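Keep in mind that what you see is a predicted model, and the values were worked out from it rather than measured.
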Amino acid sequence: MYLAEDKTKSGPTPDTGTDQGFMFAAPVSPGGKWEHFPNSHISHHGAACCDIAHEWLVAFDFAQLNGGDVLSGPRWMREHSAWGPTAWPIHWCEAVDAKTVDCGVHAAMAHEAFVARGVRAFRAQFIQRYSTDAAASWRQNWGKDQVSDHWIDGDAIYHEGNAVLVGDGQVKLWDGSAGWWINVRGTGGYGSLAAVRIETGAEQVPDGLMWGDRRLATNEWVAV
């Protein structure tokens with residue numbers, strides 16, 4: 001996933017009021033150390049190479065959809081590019097050719113596909129619970145590629161995906177790196193969702209969005 005600048009090099013992490021790592025108890029925000037992290041954005045060379053790559057993405061998604069439901073998840077992206085370390089910044093012409101990309105690339109590409117289908121979609125950020133063993137393994141893999149592991153904190157990870165409007169104020173959450181919709185009934189355990197932030201930008205959604213029976217405020221972290 002992409003940060004506007006590498007937070008590991010841009011100075012100390014803002015004080016969250018605790019020295020015990022990621023926590024959900026007040027007064028720590030559900031966003032923890034990732035409270036102000038931006039969503040990932042794929043760069044453009046300002047040349048034909050990136051225009052062609054973007055057009056290929058949209059056209060290939062349309063072909064894979066093959067007349068199916070526009071609200072179906074673009075699972076082909078996970079098959080096209082496995083989840084793994086990505087060195088940022090990355091450009092469109094590089095992203096569509098990469099055989100391994102991180103969740104930021106998967107989420108950015110999925111967003112373009114959903115929008116091109118005419119679907120109302122938003123970028124989403126997640127915090128998920130895993131295990132210290134899994135985190136240690138991921139740190140090692142990212143370290144081998146000399147890529148920042150800022151997305152790991154203890155047994156919690158920062159992750160990116162998409163929120164797709166499927167009804168009147170109702171959304172589903174897409175995890176492109178896993179190739180599935182996040183289970184709204186999942187509560188606790190390995191890989192479960194701990195917090196979510198749906199970015200709607202300047203678009204005002206005063207009543208929030210419904211995910212199952214949960215109402216999620218937008219543009220802020222919400223513990224789930």
Side-chain angles (χ1 to χ4, degrees), residues 1-11 13 31 34-66 70-126 141-151 158-165 173-179 197-205 218-219:
M1 62 294 299
Y2 170 66
L3 304 183
E5 53 186 320
D6 188 341
K7 300 299 182 181
T8 63
K9 299 178 182 178
S10 62
T13 301
W34 303 290
E35 175 70 11
H36 302 294
F37 276 24
N39 271 298
S40 305
H41 292 280
I42 300 174
S43 300
H44 195 295
H45 278 120
C49 58
C50 288
D51 287 334
I52 293 171
H54 187 273
E55 289 174 7
W56 175 87
L57 172 77
V58 172
F60 194 78
D61 179 68
F62 181 78
Q64 292 298 301
L65 193 60
N66 193 29
V70 295
L71 294 176
S72 61
R75 291 180 173 83
W76 68 265
M77 293 183 185
R78 178 63 176 81
E79 298 171 358
H80 175 75
S81 302
W83 174 75
T86 292
W88 290 84
I90 187 171
H91 296 79
W92 278 106
C93 59
E94 301 161 335
V96 299
D97 283 339
K99 298 307 178 186
T100 300
V101 298
D102 67 16
C103 63
V105 177
H106 279 142
M109 293 197 303
H111 181 77
E112 296 301 310
F114 283 127
V115 170
R117 295 176 185 182
V119 173
R120 191 175 173 197
F122 308 103
R123 295 295 301 276
Q125 297 167 295
F126 311 133
N141 291 340
W142 262 246
K144 287 178 181 177
D145 282 16
Q146 299 183 321
V147 177
S148 172
D149 61 9
H150 63 272
W151 57 279
Y158 167 87
H159 196 53
E160 292 188 21
N162 310 87
V164 178
L165 199 68
L173 301 179
W174 174 249
D175 182 343
S177 293
R197 178 179 181 268
I198 299 175
E199 182 183 284
T200 61
E203 182 175 346
Q204 298 298 313
V205 188
T218 60
N219 298 313

Minimum heavy-atom separation for [X] and [Y], please, with both atom names.
X: M109; Y: V96; result: SD-CG1, 4.4 Å
X: A163; Y: A124; result: N-CB, 4.0 Å
X: A121; Y: F114; result: CB-CB, 3.8 Å

- How about F37 and H150: are their ring centroids closer than 6.0 Å?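 Yes.
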- Message: Are W142 and W83, when compared by the centres of their aromatic rings, separated by less than 6.0 Å?
- Response: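 Yes; W83 has its ring centre under 6.0 Å from that of W142.
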- Task: Applying side-chain contact (heavy atoms from CB on, under 4.5 Å), run through M77 and V105 and close with a yes or a no.
- Result: CA-CA 10 Å; M77 293 183 185; V105 177; over 6 Å; no
Enter the distance from [X]:[atom1] to [Y]:[atom2] here, rounded to the nearest 0.5 Å.
X: H111; Y: I42; atom1: NE2; atom2: CD1; value: 11.0 Å
X: H159; Y: W34; atom1: NE2; atom2: CH2; value: 12.5 Å
X: W56; Y: W92; atom1: CH2; atom2: CH2; value: 11.0 Å
X: I90; Y: H41; atom1: CD1; atom2: NE2; value: 14.5 Å

[X] side chain near [Y] side chain, heavy-atom distance below 4.5 Å:
X: K99; Y: S81; value: no
X: S72; Y: R117; value: yes
X: H44; Y: H91; value: no
X: V119; Y: L165; value: no
X: L173; Y: I198; value: yes
X: T100; Y: T86; value: no

Do side-chain atoms of [X] reach the backbone of [Y] as a donor and acceptor pair under 3.5 angstrom?
X: R123; Y: S40; value: yes
X: E199; Y: T218; value: no
X: N219; Y: G201; value: yes
X: N162; Y: A107; value: yes

- Item | More than 12 heavy atoms from other groups under 6.0 Å of CD on Q146 |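 No - once you tally the heavy atoms of other residues, nucleotides and ligands closer than 6.0 Å, there are 12 at most.
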- Message: Tell me whether the rings of H80 and F60 are parallel (<30°), tilted (30 to 60°) or perpendicular (>60°).
- Response: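 If you compare the ring of H80 with that of F60, the planes turn out tilted.
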- Query: With R197, which of E35, E160, Q125 fulfils side-chain contact (heavy atoms from CB on, under 4.5 Å)?
  - Reply: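 For R197, the side-chain contact (heavy atoms from CB on, under 4.5 Å) test succeeds with only one of E35, E160, Q125, which is Q125.
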- Name all residues meeting the side chain to side chain donor-acceptor pair (under 3.5 Å) criterion together with H54; count only those two or more places apart in sequence or in a different chain, and write none if there are none.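 Counting only residues at least two positions away or on another chain, H54 forms a side chain to side chain donor-acceptor pair (under 3.5 Å) with E112.
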- Message: When you compare the side chains of H106 and S177, does any donor N or O come within less than 3.5 Å of an acceptor on the partner?
- Response: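 There is such a pair (donor and acceptor under 3.5 Å, judged by atom type) between the side chains of H106 and S177.
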- Message: Testing the 3.5 Å rule here: is there a donor-acceptor pair between the side chains of W88 and D102?
- Response: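 Side chains of W88 and D102: pair found under 3.5 Å.
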